[in-house]
Structures are given as structure tokens and as C-alpha cells.
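For reference, the structure is listed below as C-alpha cells.
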Amino acid sequence: MLELRCFVRRLACLGLVALAASMSSCILDAAGPQDSAAAWRFLTQATFGPSQGDAAHLTDIGYAAWIDEQLAMPAQGSYRDFIAARDAEIKAANPSNSPAKAGQEQIVEAFYTHALTDPAQLRQRLTFALSEIFVVSLQDGRIADHPQLMATYLDTLNNSLSGTYRDLLESVTKTPAMGEYLTYRSNQREDPTNGRIPDENYAREVMQLFSIGLVELNLNGTPVLDARTQTPKPTYTSADVQGLAKVFTGWSNYRGAAYASQPVWTCFWIMAECADPEGELRLMVSYPPYHSVSEKKFLGVTIAAQSTPDPEGDLKIAMDRLASHPNTAPFFCKQLIKRLVTSNPSPEYVQRVAQRFRDTGGSLPEVTKAILMDDEARSPDTFFTATGGKIREPILRLTALLRAFTMDAPGLLPATGSPSKIKTAGITSTSDNATSLGQSPVTAPSVFNFFRPGYVPPQSVIAEHAGMVAPEMQLVSESSVTGYVNAIADLLDKGIGYDVQTALGPRPSIRLDLSEPRALAQDAATLADDVSRRLLGTTMTSALRQQILIAVNSIAVPPLDATRSNVAAVNAALDQRVKAAILITAASSEFLVQR
């Protein structure tokens, strides 16, 4: 009966059957996926792309156990260690070039390496999601020149996933990368004699973007309206920004015992004589002489004027207030839902997750589980709705495509005679609009990320539906559409990443091994089924399937002659069939829209 009700609801979503509005939603089996399509959909939301092994394991142990297992699994390596190892390799390969060192491209290398190969896929996927909420960008020149800052930041996000939102917010606040990016590292207290005031940048953004947002919210994420004007009520004022800014004074880079004898001012200002190498690899520490001691008022909290500076105590009060603010649960949870599941979550979905946030003190594992196991994320009904799912941003398209097939990646194999060589995917910047993806990890143009959560494409169908948004569409342009298709075509033909020296000469760091689908390519229908299984979870529409059949059948495959002298020609034709099927699918709306 339950399966019948779900089937009828699916028909209703397609407009084929009228149902009473009161009929409740359902999930065929909340414990785990019922079929490969359900497993693929879950893993698309929770990883950098489904693989057949991951889908089989998920089916065996179920959703909740898989999430618990993933979050208990340590990352396979840190960004800090990756940057250090690549720095050593680059210097060893360029002994006469003293400026040679790891740079911002090695951060991108590290990102793609973790995204493609780390078994702790959920940890890496959440780290990426958080990096697009708590934005720090390599567009900042100093961060780009000091990749250790970004390495520390990404490791901090990853290491915070087992704790609470409150702990995450404090850790993010103390990272030297965030201090540099939002200009409060070495931020000193006010001085009325010369008119100096504390830098207000972080105080503003930590409220607007990282915790409570601009307007008061109900638990379901909808705005609280003023009773008289029926307009949204602001969450904070300029006075709140000014009061909170005082909290973020007197913080700068870590200094170890070896620098304890240096004058405090040299360490606070990160002068050469107190530039501890660990300063960019550890959380910032306080420098009381530079911390404001005047009264600090913000968000209904008052910290009385002090005779002795207390930067740690003031920070604790501020973090406690931001984490417990009524807005924080719905604001943060809605942003995380948007990054993982759907751009247009229903108010009911937001409220269920936000309530879980409150019930568990902001436990990130519990919030993650609430998001991924909610009926709106798991029910097959939402697959057919206009508001379900989200545009798949370019980075996630690439990783999903690569993880769906076997990768021929010499950079991920230990070099002969060099067991200490670090494994790397070898993919660097993918930012170019015309020739690549138009998006590269942690390179957002501003603190508002690559796209705004409330973005609505002008003159689009989405704009005709009140309240609907499509954030990732802000990345789309004529050049980016063409660039993406060209980039995938190049990937299929040549591979991606810089050349790696092998016994056979230089080769791209990653190419797709197409031998498995090649074996199926004599029959266009069988090939289409395989590509559908790998990239769409067997949900390919008949229209897309027909396009693939026409394209594949138009590529003639010569018969194998009796002496097998034309094997290469046969394989080349079969490979062209495979590439055509993959390219058509990768460029289709069915792949570009994550359902």
C-alpha cells in the first residue's frame, strides 16, 4: 500500500492524477536507498560524485550509518601537509630558481585531489559547502602569495565538522586567513585622540553572511514582518556593528616560545623579527594591549568597560550571542541546504532542520543528517517538482564526471623510486570562462561567494515564479556555456591537468580510461544505458536517450578484419561513440541540474 501511494503521488507530481492536498509525503525506505537511482541522488548531494562502489556500500549500510561513518572518518591528508610536500617538490625540481615555491595553484591541486580521491567524501563535500558560506578567497593577493593561509583555513573547516556551529564560528573567526581577508588581523582598539576606530569589516560580515543575516527570520526561514509596515525587520544596526567591531581588536598571528622575547608590537604587526612560520598555520592569538577596553554593546548584549583587556572573554560572549541568536538556526541551515540539496527548500524543510539545530546545540553532524535524510531530500516526489534540486555548479560537474569513470591518473600513483612523492590530481586553475569551467575552488570574486543565495536570473522562467531562486545561474553567460562544453570535449580527447612525466613520456595528469564503456559501444542503446547509470543514476529521459542514439549511430565502426590489423581503427571509432554519448549527457539539463 505504501509503495502504491508513493507511485500515485509521483503521477500527481506529473499532473496525471489529482490527489487530495492533505495526502502526506512518503519515503519508500528511510533506512536506505531502494534502487540505484535513489543511491545516486543521495551521493550526488553528499559527495563530489557517485561511484559504483560508494553506491553499493550505501545500499548495504543505509543513510544514517553512511553519514556517521563518513563523519567519523579522518580526511586522507591535510591541506597543510599537501602544500608543504608540493613546496618541497617544486623547489627540488627548480634548484637554481630561488623564487620557486608552492603557490595558489597548489591549493587548487589539493582541492581537486581531495575531492576526487578522499574516501571521506562527505567531509570534503561539507568543507566545500562551508567554504562557500564562510568565504575566504585566493583573489586576495596576500592569501594568494601565502597558500599556507588558505591551507590552514580549509583544514580548520574540515576539522570543525564533528563539533558545533558555535565552535566552527569561533575557529573560523580565529583563522589568519579570515583575519587577512576581512581585515581584522592586527586590528587595534579605538583611539579618540586621533579619531581611529576599529575596523568594522568582519563585524558586519559575520552577522550579515555567517550567522544571522540582514532581516529577522521565523524558524522556517521566512522574514518576520513589522506589524505596522508589513516589511522585514532588520536584525542589526550600525551601532551593533560598531560595538561588535571592538571585540575583534587585538588579534594577530600565533607566536611560539622562540619569539616570546620579541617586543609585543613586532609580533602584533607581524614584523620580520617576529614572523613565526607557524603564524600562518595556526589560529590567531590575542594581544591584550591592542584590545578595546571600552563598553561594547551589540545585539542586546552589553560588555562593560574594562580596566584590564579581556579579548578571549569578549570573543566568547560575542560567539555565544551569535550562535544562540534566534536567526542563526534558520539562516545557517537554509544556506547549507542550498549548498547540498536544493536552491528552493520549502519553509517546512528549513524549519525541521533548524529545529534540529536548536535541539542539538548546533551539532553539525546532526544538522547534516537532518538535511540529507529529510523527506524533501529523499522522497522521489521532489524529483518531479519545479522547485526541487539545484543547478550543479561547474566544479561539481567536473568532479562528478571524473568520479563516474575510471581515471588514468599517473599523478595519483607513487613515482617509481620516490615513495615520498605526494599524490596529486594535477588540476590547477579552472577559472577561465572561455576555455575551462569559469569557476575554480576558493577563488570567489568577493565575500558574497561566486553567486548570491537569492539570485534570480532576469527574464527567465524562474523569475516568473514568486520566491524561486537559482543562485548558480549567476555564473552562466554565453562564454561560460561554450567554455564548459569545450572544456569537457578537451577533457575527453586530451585529459585535464598539467603534464606528468611517465615512462612513456609526458602525459596529462588525468585522463578517462574509457575501456569499460568502449566494450559496450557497438550497441548504441547499451552504451546509452551505461552513461545514464554513471552520470544520471538511470534517470535519463527518452528525449535525451534518443539524441544519444542518433549521435552514436552516426559514427560508423569498421568491422574487425580477419587478421585484426585494424583493431586501432575500430577502437578509435568506439571511443568516439563513447565520447559523444558522454559529451551530450554532460551538456544536457539532466546533468546540469542536480535533482
Side-chain angles (χ1 to χ4, degrees), residues 1-14 16 23-71 119 121-122 125-126 337 339-346 348-349 352-353 368-392 396-397 399-401 403-404 528-542 544-545 585 588-595:
M1 180 60 70
L2 178 63
E3 292 181 357
L4 177 61
R5 288 181 64 200
C6 287
F7 176 70
V8 173
R9 280 182 57 78
R10 291 188 204 184
L11 295 180
C13 290
L14 290 169
L16 302 177
M23 179 172 280
S24 62
S25 62
C26 56
I27 301 176
L28 295 182
D29 185 355
Q34 287 267 314
D35 52 35
S36 60
W40 180 90
R41 187 184 188 202
F42 176 89
L43 291 170
T44 296
Q45 296 165 352
T47 73
F48 279 99
S51 70
Q52 296 306 305
D54 287 343
H57 184 57
L58 170 65
T59 301
D60 285 344
I61 68 174
Y63 295 128
W66 186 90
I67 293 171
D68 290 340
E69 179 182 82
Q70 283 282 304
L71 292 178
Q121 277 288 293
L122 181 57
R125 184 71 177 79
L126 286 169
I337 291 170
R339 298 277 49 82
L340 298 177
V341 177
T342 174
S343 295
N344 296 281
S346 70
E348 294 78 16
Y349 185 9
R352 288 189 293 268
V353 178
T368 300
K369 193 174 291 185
I371 290 172
L372 293 175
M373 292 187 65
D374 190 85
D375 183 79
E376 200 160 318
R378 300 275 61 80
S379 173
D381 297 357
T382 57
F383 189 91
F384 299 99
T385 63
T387 58
K390 61 194 288 289
I391 304 296
R392 199 193 304 249
L396 296 179
R397 299 176 206 166
T399 58
L401 179 61
R403 283 177 55 81
D529 288 343
D530 184 66
V531 172
S532 174
R533 175 179 62 84
R534 292 175 185 270
L535 295 181
L536 303 176
T538 69
T539 59
M540 182 180 288
T541 64
S542 58
L544 177 57
R545 179 183 172 85
T585 305
S588 72
S589 61
E590 295 174 37
F591 180 74
L592 299 178
V593 178
Q594 172 189 309
R595 289 290 186 179

May I have the step-by-step check of side-chain contact (heavy atoms from CB on, under 4.5 Å) for L126 and L71, ending in yes or no?
-> CA-CA 10 Å; L126 286 169; L71 292 178; 3.8 Å; yes

Using the side-chain hydrogen bond (donor to acceptor under 3.5 Å, both in side chains) rule, take Q52 and R533 through it: C-alpha gap first, then chi angles, then the decisive distance, then the call.
-> CA-CA 9 Å; Q52 296 306 305; R533 175 179 62 84; 3.1 Å; yes

Before giving the answer on side-chain contact (heavy atoms from CB on, under 4.5 Å), spell out for D35 and T538 the whole-Å C-alpha distance, their side-chain angles and the decisive distance to 0.1 Å.
-> CA-CA 10 Å; D35 52 35; T538 69; over 6 Å; no

Worked verdict on I391 versus Q594 for side-chain contact (heavy atoms from CB on, under 4.5 Å) = CA-CA 6 Å; I391 304 296; Q594 172 189 309; over 6 Å; no

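A heavy-atom distance below 4.5 Å is found between the side chains of L122 and L372. Using a 4.5 Å heavy-atom threshold, the side chains of E376 and I337 count as separate. With contacts defined as side-chain heavy-atom distances shorter than 4.5 Å, the pair L592/R397 qualifies. In this structure, the side chains of E590 and T585 stay at 4.5 Å or more apart for every pair of heavy atoms.
Residues passing the side-chain contact (heavy atoms from CB on, under 4.5 Å) test with A39, sequence neighbours excluded: P33, A55, L58, T59. Take R595 and apply the salt bridge (Lys or Arg N to Asp or Glu O under 4.0 Å) test, not counting sequence neighbours, and it matches no residue. Partners of Q45 by side chain to side chain donor-acceptor pair (under 3.5 Å), not counting sequence neighbours, listed by chain and number: R378. For the ring pair (Phe, Tyr, Trp, His ring centres under 6.0 Å) test, residues two or more places apart in sequence or in another chain that qualify with W66 are F42. Contacts of F48 classified as ring pair (Phe, Tyr, Trp, His ring centres under 6.0 Å), with partners at least two apart in sequence or in another chain: F111, F128. Taking R545 as the reference, D529 meet the salt bridge (Lys or Arg N to Asp or Glu O under 4.0 Å) condition, with sequence neighbours excluded.
Considering all non-hydrogen atoms of both residues, R125 and T44 come closest at NE-O, 4.5 Å. Of all non-hydrogen atoms in S51 and R403, the two that sit nearest each other are CB-O, 4.0 Å. Here the closest heavy-atom approach between residue L396 and residue T399 is recorded as O-OG1, 3.3 Å. Residues T47 and Q121 share a closest heavy-atom pair of CB-OE1, 3.5 Å.
Checking side-chain atoms of R392 against main-chain N and O of F591 turns up a donor-acceptor pair under 3.5 Å. Judged purely by atom type and a 3.5 angstrom limit, T342 uses its side chain to pair as donor or acceptor with the backbone of T387.
Between Y349 and the options T382, I371, N344, a side-chain contact (heavy atoms from CB on, under 4.5 Å) holds for only I371.
Ion pairing of D375 with R352 is absent here, as no side-chain N (NZ or NE/NH1/NH2) approaches a carboxylate O to less than 4.0 Å.
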